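Notes follow the structure.
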Number of protein chains: 2
Amino acid sequence: MNLKELASHLGLSPTTVSRALNGYPEVNEATRKRVTEAARTHNYRPNTQAKRLATGRAMAIGHVIPISTQHEIVNPVFADFISGAGEVYARSGYDMILTIVPDDDEERAYRELRSKGNVDGIIVHAPKEGDKRIALLQGLGLPYVVHGRCSGVEAPYSWVDVNNARAFERATDFLLDLGHRRIALINGIDTMDFALRRLRGYSDALAARDVPLDPQLIVSGEMTEAQGHDAARAMLRLPDPPTAFMTASLLSAMGARRGIEEAGLRMGRDISILTHDDELGYLRNGTDEPIFTCTRSSVREAGRRCARMLLDQIAHGDASPRSELLEAVLVVGQSTGPARRQG
Amino acid sequence: MNLKELASHLGLSPTTVSRALNGYPEVNEATRKRVTEAARTHNYRPNTQAKRLATGRAMAIGHVIPISTQHEIVNPVFADFISGAGEVYARSGYDMILTIVPDDDEERAYRELRSKGNVDGIIVHAPKEGDKRIALLQGLGLPYVVHGRCSGVEAPYSWVDVNNARAFERATDFLLDLGHRRIALINGIDTMDFALRRLRGYSDALAARDVPLDPQLIVSGEMTEAQGHDAARAMLRLPDPPTAFMTASLLSAMGARRGIEEAGLRMGRDISILTHDDELGYLRNGTDEPIFTCTRSSVREAGRRCARMLLDQIAHGDASPRSELLEAVLVVGQSTGPARRQG
DNA sequence: TCGCGCATCCAAACCGCTTTGGTGATGAGT
DNA sequence: ACTCATCACCAAAGCGGTTTGGATGCGCGA
């Protein structure tokens, strides 16, 4: 059932039917009612491709999600981020187009998205320091919002980010207040912007209290359970082991805990763990009282906000960059306690 | 840069240019070369919407992924599944359209996808027992492939699935061989077809050895760390506790392990754990030697196969249902050992 | 020399919608 | 009575491709 058929069925012109359905004023309310009713009973839905071609709007948002070529890992936060964004798109009638690209030819992906014209805007995932994608997208003239920020990129751009530096600074302060001086940082991959900011927050907090920064207590990599475990185990074997761990994700935290317990220590009593918690649906940090003390910020909410910002930008044809900085809350759980003298 | 411009630039008609680029024979090889070259230098890429409208093919595959309305959880396997499928789509020039729907109005989503005509086929996720979506899709006349199967659905349909029943039957056998008689099953949500098949494999194996099935040792739910932990803890407090746990995911297994260790027991020595392992990128089961003994099957590979099957079906206009049954391998790790008399 | 097949190219229709630029009827204002 | 909005509708021209149904020119056999 297409527009022409529906129109002839109603004894109207395609023009009028189109206008009736799209809420234009120059159509009698009575006929509008007739049209909408007929549309429903005949289960008419305008053909997306035709509509897109005619209006020039793709009614779709592209998500280019990079897949690490070394690790072949899709960051698990994408699932939640995307479900948040998807909610918003659905309400506005937008589709979500996912492109999964090996992180070494993302540029081609963006160019193609642009020249094929099948998206109205793009969400940029996993920004790195001085990410060249910003400049690229600026050049392409396609609206976009970055989930995260790019240290080192001067030009203004739209972003939604958690205040990672502040969160990790506060977290480090919290551990320092508990008497910890040997605080390890198990971070995300060190080219990622969020990891850099967390490192900055951590080292700023240490510096503010004149606690020396020990490179042996800092590790970065893919945020998996194994990473947390291996890092914790190795560090606990140091001559002067840490009394607290900060980790970048719950998975790493779980791994660290395993490493701690393997060493015969108890989390929260002998050793503290403080992690960032993205509030992933399938990775809850306890049910009521959190297991891990954490800096918490919902990545799904970030997805919603990115989506809203982008749609807003598209709707208003307003290219002026905007931004939103989300503060993580510091939630105290069972995994932290006062520092103990050398186990 | 569009076709008309490119054509006039070359002093040719749009027809010829189109044919040259699409490999039709009625064009001189010399001019074809000229055309392709010009297309490259001018960075010409045919407008997707126009192409779609003209050909009637959307060049996109829809993934409808349900979000549990009670739990608001996106199953973490989607990330990996989708990255597998995405690989295949990318190679064939297809887009992937993600629709995230609360699981109570999936039907509307499918109908809309169909009538808006923006996909050529659909991947059905998370099939339930007697899933009514099969009948719906059959009626819609849209090619589809189910990731998993639907017990209780008579009509033939295309699917790719792991042999869950066989996997869990073998796993249970393995534990029985080690002398375990009190084997607990921490399963996925019990309306999910895969969970049912695993339960069936488990109970068949027990029945074959005349080991009674104890409902107290069976629990089902969202496969999270918390689920594994809570279930293990509760069961270990039973008067006659289990000596082995089977879990449906690594997260559940990690939770179960935590429950075990909280109870002062050691995994692999006092209590065994055997889990299913989907080989998710960010949730590796150890690096070389697996931590958990597991039934292993790559969900990313399943994604690739689903995608290939669907594209093949679309390309050949062949609606005859096909299917692919993947066998999980049983990999022995450190988490299982002979049954111990009552800790 | 004529007719025919073949190799190349093109004009125009079409895909299904939106949107521009109308038309005819009605009613108010002068 | 005439002009002029206003209302309600429509025909036709896009959007940017593909595809149908020719056109043109050339070589070749009869």
Side-chain angles (χ1 to χ4, degrees), chain A residues 1-36 38-39 42-60 93-95 112-120 315 317, chain B residues 1-36 38-39 42-60 93-95 112-120:
Chain A
M1 171 62 63
N2 60 19
L3 185 65
K4 209 187 296 181
E5 285 168 28
L6 184 64
S8 78
H9 196 83
L10 282 160
L12 289 168
S13 77
T15 310
T16 305
V17 175
S18 170
R19 302 200 130 143
L21 293 174
N22 290 320
Y24 282 75
E26 59 266 66
V27 49
N28 190 314
E29 276 311 317
T31 53
R32 189 196 300 281
K33 197 161 227 168
R34 252 181 70 215
V35 171
T36 49
H42 290 75
N43 197 29
Y44 166 75
R45 207 116 19 178
N47 178 294
T48 316
Q49 330 300 347
K51 190 166 196 156
R52 286 173 177 176
L53 180 56
T55 57
R57 286 175 311 147
M59 292 304 284
Y94 275 76
D95 282 339
E112 221 164 66
L113 238 34
R114 165 64 184 177
S115 51
K116 295 201 308 180
N118 48 357
V119 300
D120 294 322
Chain B
M1 172 60 64
N2 60 19
L3 184 65
K4 210 186 293 182
E5 286 168 28
L6 185 63
S8 78
H9 196 84
L10 282 161
L12 288 169
S13 77
T15 310
T16 305
V17 176
S18 170
R19 302 199 131 143
L21 293 174
N22 290 318
Y24 282 75
E26 59 264 67
V27 49
N28 191 315
E29 276 310 315
T31 50
R32 188 196 301 282
K33 197 161 226 165
R34 254 183 69 217
V35 171
T36 49
H42 289 75
N43 197 30
Y44 166 75
R45 206 116 18 177
N47 178 293
T48 316
Q49 330 302 345
K51 190 165 197 155
R52 286 172 177 178
L53 180 57
T55 58
R57 285 174 312 145
M59 291 305 285
Y94 275 76
D95 282 339
E112 222 165 66
L113 238 34
R114 165 62 184 179
S115 50
K116 294 202 308 181
N118 48 358
V119 300
D120 294 322

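Just so we're on the same page: letters track the sequence lines, and every chain starts at 1. Worth knowing before you read on, the calculation uses all heavy atoms, side chains too, and leaves out hydrogens, waters and symmetry mates. Fair warning: this is a prediction, and the values are worked out from it, not measured in the lab.
When rounded to the nearest whole Å, the span between CZ of B/Arg45 and C1' of D/dG16 equals 16 Å. Put simply, CZ on A/Arg52 is 16 Å from C1' on D/dG17, counting in whole angstrom units. Rounded to an integer number of Å, the gap from OH of A/Tyr24 to C1' of C/dC17 is 11 Å. The distance from atom CD of B/Glu5 to atom C1' of D/dC15 is 13 Å, rounded to the nearest whole Å. The nearest whole Å value for the distance from the CZ atom in A/Arg34 to the P atom in D/dA8 is 14 Å. If you measure from atom CG of A/Leu10 to atom P of D/dC9, you get 11 Å, rounded to the nearest angstrom. Rounded to a whole Å, the CD atom of A/Gln49 is 13 Å from the C1' atom of D/dG17. Here C/dT18 presents its P atom at 12 Å from CG of A/Leu6, a figure rounded to the nearest Å.
Residues B/Leu21 and B/Arg32 form no side-chain contact, since every pair of their non-hydrogen atoms from C-beta on lies 4.5 Å or further apart. Put simply, the side chain of B/Met59 does not reach to within 4.5 Å of the side chain of B/Thr48, judged on heavy atoms.
Paired with A/Leu12 under the rule side chain to side chain contact (heavy atoms under 4.5 Å, CB included), one option of A/Leu6, A/Val27, A/Val35 passes, and it is A/Val35.
Nearest-nucleotide positions on DNA chain C place B/Asn28 closer to the 5' end than the other of B/Leu53 and B/Asn28. Between B/Leu12 and B/Thr55, the residue whose closest nucleotide on DNA chain C is further toward the 5' end is B/Leu12.
For D/dT18, one of the phosphate oxygens OP1 or OP2 lies less than 4.0 angstrom from a side-chain nitrogen or oxygen of B/Lys51. Remark: B/Asn22 is in phosphate contact with D/dT18, judged by side-chain N or O atoms under 4.0 Å from OP1 or OP2. Not one side-chain nitrogen or oxygen of A/Ser18 sits closer than 4.0 Å to the OP1 or OP2 atom of C/dC17.
Closest to the side chain of B/Tyr44, from the set C/dC17, D/dG17, D/dC10, is D/dG17. When each of C/dG16, C/dC9, D/dA11 is scored by its nearest atom to the side-chain atoms of A/Ser13, the top-ranked nucleotide is D/dA11. Distances from the side chain of A/Pro46 to the nucleotides C/dC17, D/dC9, D/dG17 place C/dC17 closest.
Once rounded to the nearest 0.5 Å, the distance linking CG of B/Asn2 with CZ of B/Arg45 reads 14.5 Å. Of the inter-residue distances, the one linking B/Tyr44 atom OH with B/His9 atom NE2 reads 14.0 Å to the nearest 0.5 angstrom.
Taking a cutoff of 4.0 Å between a charged side-chain nitrogen and a carboxylate oxygen, B/Arg52 and B/Asp120 do not qualify as a salt bridge.
A/Gly117 comes within 4.0 angstrom of nothing in the nucleic acid, heavy atoms only.
Checking side-chain atoms of A/Gln49 against main-chain N and O of B/Gly117 turns up a donor-acceptor pair under 3.5 Å.
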Could you list all N or O pairs between the protein and nucleotides 20-24 of chain C that sit under 3.5 Å apart?
{"unit_1": "C/dG21", "atom_1": "O6", "unit_2": "A/Arg19", "atom_2": "NH1", "d": "3.4"}

